Amino acid sequence: MESVHGKVHRFGDNIDTDVIIPARYLNSSDPEELKLHCMEDIDPEYIKKMVPGDIIVAGKNFGCGSSREHAPIAIKASGASCVIAETFARIFYRNSINIGLPIIECPEASASIQNGDELSIDFNTGIITDITSGKSYQGQSFPEFMQKLIDAGGLINYINENK
Amino acid sequence: MGMTMTQKILAAHAGLSEVKAGQLIEADLDMVLGNDITSPVAIHEIKKMKKNGVFNRDKISLVMDHFVPNKDIKSAEHCKIVREFASDNDITNFYDVGEMGIEHALLPEKGLVTAGDAVIGADSHTCTYGALGAFSTGVGSTDMAAGMATGKAWFKVPSAIRFNLTGDLAPYISGKDIILHIIGMIGVDGALYQSMEFVGDGIKNLSMDDRFTISNMAIEAGGKNGIFPVDDKTLEYIESHPCASSSLSSSPSSSKHPKIYTADDDAIYTAEYTIDLSTLRPTIAYPHLPENTHPVEDASDIKIDQVVIGSCTNGRISDLKIAADILNGKKVKKGIRVIVIPATQAIYLEAMDKGYLKTFVESGAVVSTPTCGPCLGGYMGILAAGERCISTTNRNFVGRMGHVDSEVYLASPAVAAASSLTGYITDPATV
C-alpha cells in the first residue's frame with residue numbers, strides 16, 4: 001500500500017477511545033462487530049457514510065484515554081485507510097503502528113483540511129495532497145525503527161521476521 | 001548529561017549506561033499485565049507468533065476485573081479465553097473471581113511490582129505503579145502479546161516535566177484534588193509522550209494511597225508515566241506487601257527487591273511547576289474532559305442522580321475510610337443512588353472489619369464486589385439520558401458511564417460522599 005485516496009471524515013480535538021469504540025461493545029473483539037459501533041457516540045452516521053479508503057482527519061491528542069486496541073482495530077475495519085491528526089495520544093499511536101493502521105502526524109494538514117475534501121496520500125514520501133483545495137502538506141516521517149515495524153505489517157510480524 | 005528518574009530506570013532495563021530523550025530502546029520487563037478486555041486480543045496475537053509459550057510465567061499478571069463476575073454471555077466467552085490461556089501456560093499470577101481485585105490496586109497489594117521495576121500493562125492506568133518508584137506504562141494488546149512472549153518492549157525514551165509539590169494538604173483535600181488540579185493546569189495533552197516526575201518537600205505529607213491516585217491519572221494528562229521518588233513511606237509499603245509469587249521473591253535474580261533510582265541533579269526537564277498543596281481546594285472535573293476543573297464551591301448548584309466511590313483511582317482503604325467517616329450515622333439523600341466498590345478483596349475485608357461497609361449500607365449506599373464496571377460504562381451503575389453522576393473514577397468522556405447524553409463529574413471520595421447526603425455537588429467541609 002504505497003498510496004491511498006479517499007474522502008475526509010473530519011473530527012475535532014481530544015477524540016477519545018471511548019467515543020471511537022464505546023466500552024459497552026468491548027465484550028467483543030471481532031473487528032466486523034466493532035466497526036459497526038465505531039465513532040457511534042460522536043457521529044452515529046459514521047459507519048454508514050464511510051466508504052472503504054476514506055480518511056479520518058482530526059485535531060490534537062487523537063485516541064486519548066483507554067489503551068483498548070479495539071479502537072484502531074475498529075477504525076481499520078471501518079474501512080479508513082489512514083488517520084491524520086495534529087498529534088496522537090501515545091498508546092493509540094503505538095497500537096496503530098502495531099496493528100498496521102496508517103497514521104500521520106501533520107499539524108498543518110490537520111488545521112486546514114475540511115470535512116468532505118478529497119485527499120490522496122503517498123506513504124513513501126509522506127505527502128498529503130488535498131485535491132479539493134489544491135494544497136499539499138508534508139506529513140512527519142517515522143523514526144527508522146518504527147518504519148521497519150510498519151513495513152513488516154506490525155509488531156508481531158516484525159518479531160517473527162527478526163528474532 | 002543528567003538523567004531523570006524514569007530515564008535511569010529505562011537505561012538500566014536496556015543495559016545502557018545512559019539514554020537520552022527521544023532515543024528508541026528495547027527494555028527488559030519485570031511484569032506484563034492484562035485484564036479480561038485486553039488479554040483476549042493479546043492471546044489472539046500471541047498465537048500468531050513463531051515463538052511458543054511465554055517468557056516467564058511468574059512475570060505475567062492476568063486480572064479479570066472489568067466485566068466480572070461475567071455480565072453477559074460475550075464477556076463470559078472472553079474470560080474463558082483468558083482462563084484457558086492462564087491454565088495452559090501455568091500463569092502464576094492469574095486472578096479470577098474470589099481472588100481478583102481491580103488490577104492497579106491488586107498488583108501493588110500482592111507485591112508484584114516494586115521500586116525500580118519496568119512494567120507494561122494492557123490497560124492505560126498501568127501508570128499507577130509510578131507511586132512505588134517504578135517505571136510503568138499502558139500499552140495495547142499487541143505490545144502485551146509481544147511482552148508475554150519475549151519479556152521485552154520497545155520504548156521511546158521520554159522527556160519529563162517536574163512537579164514540585166510543597167507544603168501540606170488542608171482537611172478533606174487528597175491526592176485526587178492534586179492530580180485534578182494538575183490536569184486542569186496543563187490540559188489532557190499537557191504531558192503528551194512525557195514523564196510526569198513528582199518531587200518536593202510536600203511529598204512526605206502524601207500517603208501511598210494519595211500517590212497511587214496521582215500516578216494513576218498521569219495518563220489523563222497524556223503522560224507516559226507519573227513517578228514519585230522512593231522514601232520511607234514507599235519502603236514501608238513495599239515491606240508490608242511482600243510478593244505473593246513465591247518463586248519471584250525467592251529467586252536470586254528476582255526484581256522483587258526494591259531498587260532505588262534518583263534523578264540526577266542536572267537532569268533536564270521540559271517544564272517545571274511548583275504547587276503549594278496548602279492552597280488546593282476540593283476540585284471537580286466537569287464533563288467531558290478531566291481538564292475541565294473547577295473548585296467545589298462553583299459546583300454547588302449541580303444536582304446529581306448517582307454517586308460512585310471506587311475504581312483503580314480511588315477504591316483503596318483510605319478512600320473508603322474518608323467516605324465512611326462522612327456518611328457515618330447519616331442517610332443518603334432520597335433518590336440518590338450511591339455505589340461503593342472496594343478495589344480488592346483485602347480492602348473489602350478491611351473495610352468490613354473496620355465497620356465501613358456497615359456504615360455504607362446503613363446510610364443507604366450499596367457495596368459491590370471489586371469491579372471496574374461503572375467507571376467505563378460496562379455494568380453496575382449505567383446512566384440513562386440526562387442523568388448525572390459524581391464519581392471518584394478517572395474519565396468523564398462523552399458516554400463514559402452510559403448514555404451519550406449522561407454526565408460524569410470527577411471528584412475525590414470526600415466530595416462524592418458529601419454529595420451523597422445532599423443530592424448536589426457538595427464541599428465535604430460543610431456536611
Side-chain angles (χ1 to χ4, degrees), chain A residues 13-20 22-31 33-34 40-42 44 59-73 86-100 143-146 148-149 154-163, chain B residues 22 24 37-38 40-42 44-46 48-51 66-67 71-78 121-126 137-146 149-150 154 156 158 187-189 192-193 219-220 222-224 288-289 291 376-379 382 395 397-400 402 404:
Chain A
D13 291 339
N14 302 313
I15 298 297
D16 62 78
T17 53
D18 277 282
V19 300
I20 296 172
R24 59 186 176 273
Y25 302 117
L26 296 185
N27 54 7
S28 170
S29 50
D30 176 7
E33 197 173 334
L34 293 172
E40 181 177 288
D41 284 355
I42 192 164
K60 63 174 186 165
N61 204 25
F62 186 86
C64 61
S66 153
S67 69
R68 61 189 71 159
E69 206 159 288
H70 311 63
I73 289 172
E86 181 183 337
T87 52
F88 290 92
R90 55 163 289 277
I91 305 177
F92 184 91
Y93 184 96
R94 276 183 91 96
N95 288 348
S96 299
I97 290 172
N98 285 344
I99 69 154
E144 190 186 343
F145 170 71
M146 286 186 218
K148 282 185 189 165
L149 289 183
L155 180 65
I156 301 297
N157 287 347
Y158 175 80
I159 293 173
N160 282 341
E161 286 167 16
N162 290 280
K163 302 233 170 171
Chain B
L24 283 157
I37 287 181
T38 57
V41 180
H44 183 260
E45 291 302 310
I46 203 171
K48 294 181 193 166
M49 299 187 74
K50 284 184 189 162
K51 184 185 176 301
H66 278 60
F67 293 165
K71 78 184 183 88
D72 55 21
I73 293 168
K74 285 179 174 176
S75 304
E77 296 292 342
H78 257 175
D123 187 280
S124 59
H125 293 106
T126 303
T137 193
V139 295
S141 296
T142 298
D143 275 313
M144 179 194 166
T150 67
W154 65 269
K156 188 159 100 175
V188 291
D189 63 348
L192 191 61
Y193 306 129
I219 178 69
E220 262 46 82
K224 184 169 204 150
H288 289 283
L289 284 174
E291 70 184 23
L376 75 164
Y379 74 124
I382 304 302
R395 291 191 177 126
F397 300 148
V398 171
R400 174 74 179 177
V404 65

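Predicted model, so just to flag it, every value in this text is computed and none were measured.
When side chains are defined from C-beta on, A:Met146 counts as touching B:Leu24, because their heavy atoms get closer than 4.5 Å. Considering only heavy atoms from C-beta on, A:Ile73 comes within 4.5 Å of B:Val41 through its side chain. With contacts defined as side-chain heavy-atom distances shorter than 4.5 Å, the pair A:Asn61/B:Leu192 qualifies. The shortest distance between side-chain heavy atoms of A:Ser29 and B:His78 falls below 4.5 Å. At least one side-chain heavy atom of A:Asn98 sits under 4.5 Å from a side-chain heavy atom of B:Trp154.
Taking CZ of B:Arg400 as the start and CG of A:Asp41 as the end, the distance is 12.0 Å to the nearest 0.5 Å. The line from CD1 of B:Ile37 to CG of A:Asn27 is 8.5 Å long, rounded to the nearest 0.5 Å. One finds the NE2 atom of A:His70 at 6.0 Å from the OG atom of B:Ser141 (value rounded to the nearest 0.5 Å). B:His44 contributes atom NE2, which lies 11.0 Å from atom CD1 of A:Ile156 (distance to the nearest 0.5 angstrom). The CG atom of A:Asp16 sits 7.5 Å away from the CG atom of B:Leu289 when rounded to the nearest 0.5 Å.
For a residue to count as touching a neighbouring chain, one of its non-hydrogen atoms must lie under 4.5 Å from one of that chain's; by this rule A:Asn160 touches chain B with backbone and side chain alike. Both the backbone and the side chain of A:Leu26 come within contact range of chain B, judged by heavy atoms closer than 4.5 Å. Residue contact with chain B, scored on non-hydrogen atoms closer than 4.5 Å, is absent for A:Tyr25. The contact between B:Leu376 and chain A is made by backbone and side chain atoms together, counting heavy-atom distances below 4.5 Å. Proximity to chain A (any heavy atom under 4.5 Å) is shown, for B:Ile382, by neither the backbone nor the side chain. Proximity to chain B is absent for every atom of A:Ile42, based on heavy atoms less than 4.5 angstrom apart. In this structure, chain A has no heavy atom under 4.5 Å from any part of B:Thr126.
We find that B:Arg395 and A:Asp18 are not joined by a salt bridge, their nearest charged nitrogen and carboxylate oxygen being 4.0 Å or further apart. Here A:Glu161 does not pair with B:Lys50 in a salt bridge; the nearest charged N to carboxylate O distance is not below 4.0 Å.
The closest side-chain donor-acceptor pair between B:Thr137 and A:Arg90 falls under 3.5 angstrom. The closest side-chain donor-acceptor pair between A:Glu69 and B:Thr38, if any, does not fall under 3.5 angstrom.
In this structure, B:Ala122 and A:Ser67 approach most closely via the heavy-atom pair C-OG, 3.5 Å. Of all heavy-atom pairs spanning A:Leu155 and B:Ala146, the tightest one is CD2-CB, 3.5 Å.
Side-chain atoms of B:Tyr379 do not come within 3.5 Å of backbone N or O of A:Arg24 as any donor-acceptor pair.
Heavy-atom pairs under 4.5 Å with chain A peak, among B:Val188, B:Ile46, B:Asp143, B:Thr150, at B:Asp143. The greatest number of non-hydrogen atom pairs below 4.5 Å with chain A, out of B:Val404, B:Thr142, B:Ile73, is found for B:Thr142. Note: A:Gly65 leads A:Gly65, A:Ser28, A:Pro143, A:Cys64 in heavy-atom pairs under 4.5 Å with chain B. For the set B:Val139, B:Ile219, B:Val398, the entry with the most heavy-atom pairs within less than 4.5 Å of chain A is B:Val139. In terms of heavy-atom pairs under 4.5 angstrom with chain A, the leader among B:His288, B:Glu45, B:Lys224, B:Lys48 is B:Lys224.
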